[in-house]
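Please read the structure below before turning to the comments.
A, B, ... follow the sequence lines: proteins, then strands. Residue 1 opens every chain.
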Amino acid sequence: MKQEVNLLEAILLAASAPIKKSKLAKIILDFELVLNELKESLSEHGIQIFESENEIELTTREEFGEQLKEFFKLESEELSTSLVEVLSIISYAGPISRSGIEKIRGINSVYSLKRLLIVGLIEKVYNSQRKNIVLYKPSGEFLKHLGITAVESLPNYFEFRKNIIG
Amino acid sequence: MKQEVNLLEAILLAASAPIKKSKLAKIILDFELVLNELKESLSEHGIQIFESENEIELTTREEFGEQLKEFFKLESEELSTSLVEVLSIISYAGPISRSGIEKIRGINSVYSLKRLLIVGLIEKVYNSQRKNIVLYKPSGEFLKHLGITAVESLPNYFEFRKNIIG
Amino acid sequence: MSEEVIITESPLEIIFQLLEKKHLDFSSISLVKITDDFLYYIQEKNIETIAVGDYLEALSKLLLLKINHILKIIEPEPEIRINLERYKFVRQARNKLKNLWLAGPIILSSQKLTSKLIFIAPKITINDLMTGLSLLMEEPIVEEKEIVLKKKIHIKNALKILEEILKKEKEIVLQDTFKEKGFLIVIFLASLLLYGEQAIQMEQENIFDKIIIRSNREYTN
């Protein structure tokens with residue numbers, strides 16, 4: 001077991017990217033168990049497993065955000081008000097379609113969506129029943145930037161969601 | 001002390017590249033002590049501190065070399081549609097920058113590039129004039145696998161290239 | 001990335017800003033008070049062609065509210081108010097998110113650009129490569145088409161054009177004279193302004209029928 005846990009850790013470091021759990025499960029027996037062990041073994045460390053619905057990744061722990069920002073001299077890219085607006089609708093009311101966003105904003109939002117896709121802050125989700133409907137949701141990249149693992153941790157999430165979706 | 005050890009670990013993960021000890025010692029008190037603590041805390045893990053005279057780096061443990069290859073082999077064998085797409089763009093429009101690829105696809109492509117680099121299907125090329133710009137081109141091994149020696153031999157090369165570069 | 005960033009601000013945002021400037025809430029009566037400001041804003045600003053229709057729609061909702069107010073018709077829940085009520089929360093969410101964004105990045109991934117670990121011949125052939133690419137080229141991205149409409153249209157210019165034409169023609173059929181959709185909308189907005197000044201008459205038999213515009217002015221050539 002210990003071997004498997006360490007192998008998983010090594011794969012995640014080598015990939016330097018999120019990896020599909022389903023792929024990992026193909027070569028790691030009892031994957032879920034191994035994953036939990038790894039999380040456990042990292043609980044006292046400066047690094048952690050960042051987990052989304054389908055993927056996992058090795059990342060830094062949020063409490064070091066400030067210090068890492070300083071060490072690597074990182075700055076948030078300036079985002080225009082329209083971009084933040086579309087991003088907040090997708091974060092609080094997503095997954096949501098383009099027409100849903102446009103109904104809320106009262107304006108064509110195609111440019112903002114394109115830009116957010118390219119910078120990797122949002123992702124497309126395809127509806128399993130209706131393949132031609134594209135929905136948008138915030139990307140793991142965006143959540144990591146904010147230091148959260150799920151949209152539910154956003155401030156006033158449920159209140160804003162209820163009022164925006166209506 | 002624990003905090004410092006964890007900070008060091010987080011820095012090393014985020015960089016995933018060798019960092020000068022002197023640079024780290026500027027922000028971490030008792031650096032040597034902290035470094036030893038970190039080595040100690042990773043002794044049972046799949047990742048380790050690789051130390052040279054002036055630098056340290058977080059790397060995978062050598063004993064997993066073969067298994068890592070096994071895993072990425074699996075990845076390479078079943079390339080997802082998005083990986084094939086990026087590979088096609090690089091083959092036909094390369095050498096091309098990351099932002100060039102993203103402009104064509106309309107979607108952030110950093111993780112696809114990382115994956116293709118690991119399995120040796122693409123290579124980095126540095127622009128002779130502007131050293132900080134990384135361009136990507138198909139690897140020689142990949143071309144050989146396709147049975148050609150130069151990208152120009154790809155079917156409809158010039159027509160497709162013109163179409164996608166625009 | 002030095003790409004042209006096109007700002008398309010929500011008309012609801014503009015309405016909020018106009019209200020804030022006058023320290024008004026968004027009750028129906030306040031909205032009536034800023035209708036002219038909104039109209040003035042549309043006339044003065046360069047609005048992206050892609051957004052003109054949306055601004056026009058917001059304007060029509062405000063105008064409806066104003067007409068109802070003048071005629072003392074009480075509408076239980078004016079649509080524009082419902083939109084603004086919802087948008088108020090979008091603005092709040094936006095401010096929270098903006099601050100969170102600026103405080104980041106908090107969690108970092110490895111920034112490493114990986115390098116070759118192995119080479120494994122993938123199970124793809126030259127043809128797969130070509131297919132991957134042709135799919136990309138054929139992919140019908142509806143959104144792309146709209147991006148072609150990049151030029152800005154100033155309402156003032158549209159007014160000028162419309163007046164020039166009416167000088168010569170006296171009477172035109174709107175849809176036959178202006179074929180391009182984005183432009184048609186702007187001209188339509190301009191004609192509403194002229195109609196408001198009683199400079200023209202507008203006729204439409206049924207909804208979706210063609211609109212006939214007739215000049216009331218006597219032009220001396």
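Residue A/Ile122: no heavy atom, backbone or side chain, is found under 4.5 Å from chain B. With a 4.5 Å cut-off on non-hydrogen atoms, A/Leu24 touches chain B through its backbone and its side chain both. Within the 4.5 angstrom heavy-atom criterion, only side-chain atoms of B/Leu13, from C-beta onward, approach chain A. Heavy atoms closer than 4.5 Å to chain B are found in the side chain of A/Ile27, but not in its backbone. Using a 4.5 Å cut-off between heavy atoms, B/Ile107 touches chain A through backbone and side chain atoms alike. Residue B/Gln48: no heavy atom, backbone or side chain, is found under 4.5 Å from chain A. If you measure heavy-atom distances from B/Ser16 to chain A, the contacts under 4.5 Å come from the side chain alone. For chain B, the nearby part of A/Glu141 is the side chain; its heavy atoms alone come within less than 4.5 Å. No part of B/Arg105 comes within reach of chain A, as not one of its non-hydrogen atoms sits under 4.5 angstrom from that chain. Neither the backbone nor the side chain of B/Lys26 comes within contact range of chain A, judged by heavy atoms closer than 4.5 Å. For B/Leu113, no part lies under 4.5 angstrom from a heavy atom of chain A.
Using a 4.5 Å cut-off between non-hydrogen atoms, the part of residues 53-63 of chain A that approaches chain B consists of A/Glu57, A/Leu58, A/Thr59, A/Thr60, A/Glu63.
Judged by the 6.0 Å distance and 45° axis criteria, B/Lys124 is not positioned over the aromatic ring of B/Tyr136. In this structure, B/Lys23 is positioned above the aromatic face of A/Phe71, its NZ or CZ under 6.0 Å from the six-membered ring centre and within 45° of the axis.
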Under the criterion side-chain contact (heavy atoms from CB on, under 4.5 Å), I'd like the reasoning laid out for A/Ile28 against A/Leu35: C-alpha separation, chi angles, the key distance, then a yes or no. CA-CA 10 Å; A/Ile28 294 173; A/Leu35 176 58; over 6 Å; no

Can A/Ile96 and A/Ile104 be said to form a side-chain contact (heavy atoms from CB on, under 4.5 Å), step by step? CA-CA 11 Å; A/Ile96 184 168; A/Ile104 293 169; 3.9 Å; yes

Between A/Arg98 and A/Ser109, is a side-chain contact (heavy atoms from CB on, under 4.5 Å) present by the stated rule, with each step listed? CA-CA 7 Å; A/Arg98 177 182 151 195; A/Ser109 302; 5.6 Å; no

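No side-chain N or O of A/Glu159 forms a donor-acceptor pair with one of A/Tyr92 less than 3.5 Å apart.
In this structure, the side chain of A/Arg161 engages the main chain of A/Gly94 through a donor-acceptor pair within 3.5 Å.
Side-chain contact between A/Ser91 and A/Phe142 is present, with at least one heavy-atom pair separated by less than 4.5 Å. By the 4.5 Å heavy-atom criterion applied to side chains, B/Arg115 and B/Phe72 are not counted as neighbours. Counting only heavy atoms from C-beta outward, the side chains of A/Phe160 and A/Leu154 never approach each other to under 4.5 Å.
Note that NZ of B/Lys2 is 8.5 Å distant from CG of B/Leu38, once rounded to the nearest 0.5 Å.
Taking both residues in full, the closest heavy atoms of A/Ser139 and A/Glu123 are given as CB-OE2, 3.6 Å, listed atom of the first, atom of the second, then distance.
Per-residue counts of heavy-atom pairs under 4.5 Å with chain A were compared for B/Asn108, B/Val5, B/Asn6, B/Leu74; the largest is that of B/Asn6. Interface remark: of the candidates B/Leu8, B/Leu68, B/Ile11, B/Ile118, B/Ile11 forms the most heavy-atom pairs closer than 4.5 Å to chain A.
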